[in-house]
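See structure below.
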Amino acid sequence: DNGNSTLDFGDRYLLVDGENKFTDANAWNKKLAAAWTIEAVTELPVKLNKADDGFAYASLYTPVALTINDAVYAYTGVVSADGNYLQLNELSGVIPAGTGVVLKTKEPAETGIYNFAITTSDATADANNVLKGDIFTTLNEAIYYSLNNVDGIGFYKYTGANLSGFRARISGEDADVTKLTFRFGNPTGIEGITSAPQNEVVYDLSGRRVATPKKGLYIVNGKKVFIK
């Protein structure tokens with residue numbers, strides 16, 4: 001009658017502050033009762049962290065479809081045949097519900113928050129995408145890889161006790177592989193042939209900056225080129 005509602009959390013408690021103080025979630029009209037305002041969520045904020053190559057990255061698992069932020073690329077992934085690389089394939093417009101992705105800023109950027117609008121798109125998830133996840137934090141009871149920037153951006157074998165919710169991860173069975181480096185776009189597609197650039201920042205296919213590139217394949221201005 002007064003416009004308030006109660007939420008049934010079973011025997012769970014809600015964290016009040018960062019000092020491990022809790023309130024009984026079901027203590028309505030009791031001394032420890034708390035009133036909660038529920039608001040509709042229209043955007044999902046995601047923190048992208050600056051990596052060694054100057055761009056900001058994040059992994060994300062989303063249970064709802066999201067419109068891709070204009071300043072960000074979103075990629076699904078497939079592990080290479082040798083198990084050492086994660087081939088990243090760009091999504092266009094929407095991240096389908098139930099999809100794990102790698103997010104990367106389109107331009108070099110500092111660590112920051114980017115908002116992704118929730119949409120009702122019925123786009124379907126790519127069945128070949130190896131980036132999986134959950135909305136819940138779960139125990140790490142197998143071999144998984146998670147996004148990190150230990151030695152260049154990539155997916156590294158995860159050794160923590162818990163797997164965070166809303167983060168994409170890769171399940172792996174090869175205990176000898178410790179890192180999956182990134183390859184962007186068509187792995188056989190070369191977008192140019194050039195001499196060693198004089199005023200451009202050059203990265204190898206693992207995302208590491210190269211000061212003096214030799215003959216071979218590199219990433220220049222986000223494109224795969226062959227330097228002769």
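Positions are given from 1, in the same order as the sequence printed here.
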Between [X] and [Y], is there shared hydrophobic-cluster membership here, with clusters defined by ILVMFWY side-chain heavy atoms closer than 4.5 Å?
{"X": "V79", "Y": "L88", "result": "yes"}
{"X": "V46", "Y": "V64", "result": "yes"}
{"X": "L48", "Y": "L44", "result": "yes"}
{"X": "F184", "Y": "V102", "result": "yes"}
{"X": "I153", "Y": "V101", "result": "no"}

From [atom1] ([X]) to [atom2] ([Y]), nearest 0.5 Å:
{"X": "R169", "Y": "Y144", "atom1": "CZ", "atom2": "OH", "value": "5.5 Å"}
{"X": "L131", "Y": "S171", "atom1": "CG", "atom2": "OG", "value": "12.0 Å"}
{"X": "N49", "Y": "N148", "atom1": "CG", "atom2": "CG", "value": "10.0 Å"}
{"X": "T159", "Y": "I143", "atom1": "OG1", "atom2": "CD1", "value": "12.5 Å"}
{"X": "L60", "Y": "F166", "atom1": "CG", "atom2": "CZ", "value": "8.5 Å"}
{"X": "N149", "Y": "Y57", "atom1": "CG", "atom2": "OH", "value": "8.5 Å"}

Judged by atom type as modelled, is there a donor-acceptor pair below 3.5 Å linking the side chain of [X] to the main-chain atoms of [Y]?
{"X": "T111", "Y": "K50", "value": "yes"}
{"X": "N162", "Y": "T137", "value": "no"}
{"X": "T119", "Y": "T67", "value": "no"}
{"X": "N129", "Y": "G77", "value": "yes"}
{"X": "Y156", "Y": "D151", "value": "yes"}
{"X": "N69", "Y": "N115", "value": "yes"}
{"X": "K106", "Y": "D70", "value": "yes"}
{"X": "K179", "Y": "V150", "value": "no"}

Less than 4.5 Å apart, side chain to side chain, heavy atoms only: is that true for [X] and [Y]?
{"X": "I68", "Y": "I95", "answer": "yes"}
{"X": "L91", "Y": "P96", "answer": "yes"}
{"X": "F155", "Y": "L147", "answer": "yes"}
{"X": "L86", "Y": "V130", "answer": "yes"}

Quick one, I118 with L66, criterion side-chain contact (heavy atoms from CB on, under 4.5 Å). Give me CA distance, side-chain angles, the key distance, then yes/no. CA-CA 5 Å; I118 296 173; L66 299 173; 3.8 Å; yes

Is the NZ or CZ atom of K132 positioned over Y61's six-membered ring, under 6.0 angstrom from the centre and within 45° of the axis?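 Ring-cation test returns no.
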
Quick one: is the NZ or CZ of K104 closer than 6.0 Å to the six-membered ring centre of F182, and within 45° of its axis?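 So K104 doesn't make the cation-pi contact.
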
If I compare all heavy atoms of [X] with all of [Y], which pair ends up nearest, and what's the gap?
{"X": "A117", "Y": "E43", "result": "CA-CG, 4.1 Å"}
{"X": "A168", "Y": "G100", "result": "CB-CA, 4.0 Å"}
{"X": "T99", "Y": "A125", "result": "OG1-CB, 3.3 Å"}
{"X": "L103", "Y": "F116", "result": "CD1-CZ, 3.7 Å"}
{"X": "E110", "Y": "A56", "result": "O-CB, 4.0 Å"}

Step by step, work out the side-chain contact (heavy atoms from CB on, under 4.5 Å) result for L163 and D134. CA-CA 9 Å; L163 298 162; D134 205 324; over 6 Å; no

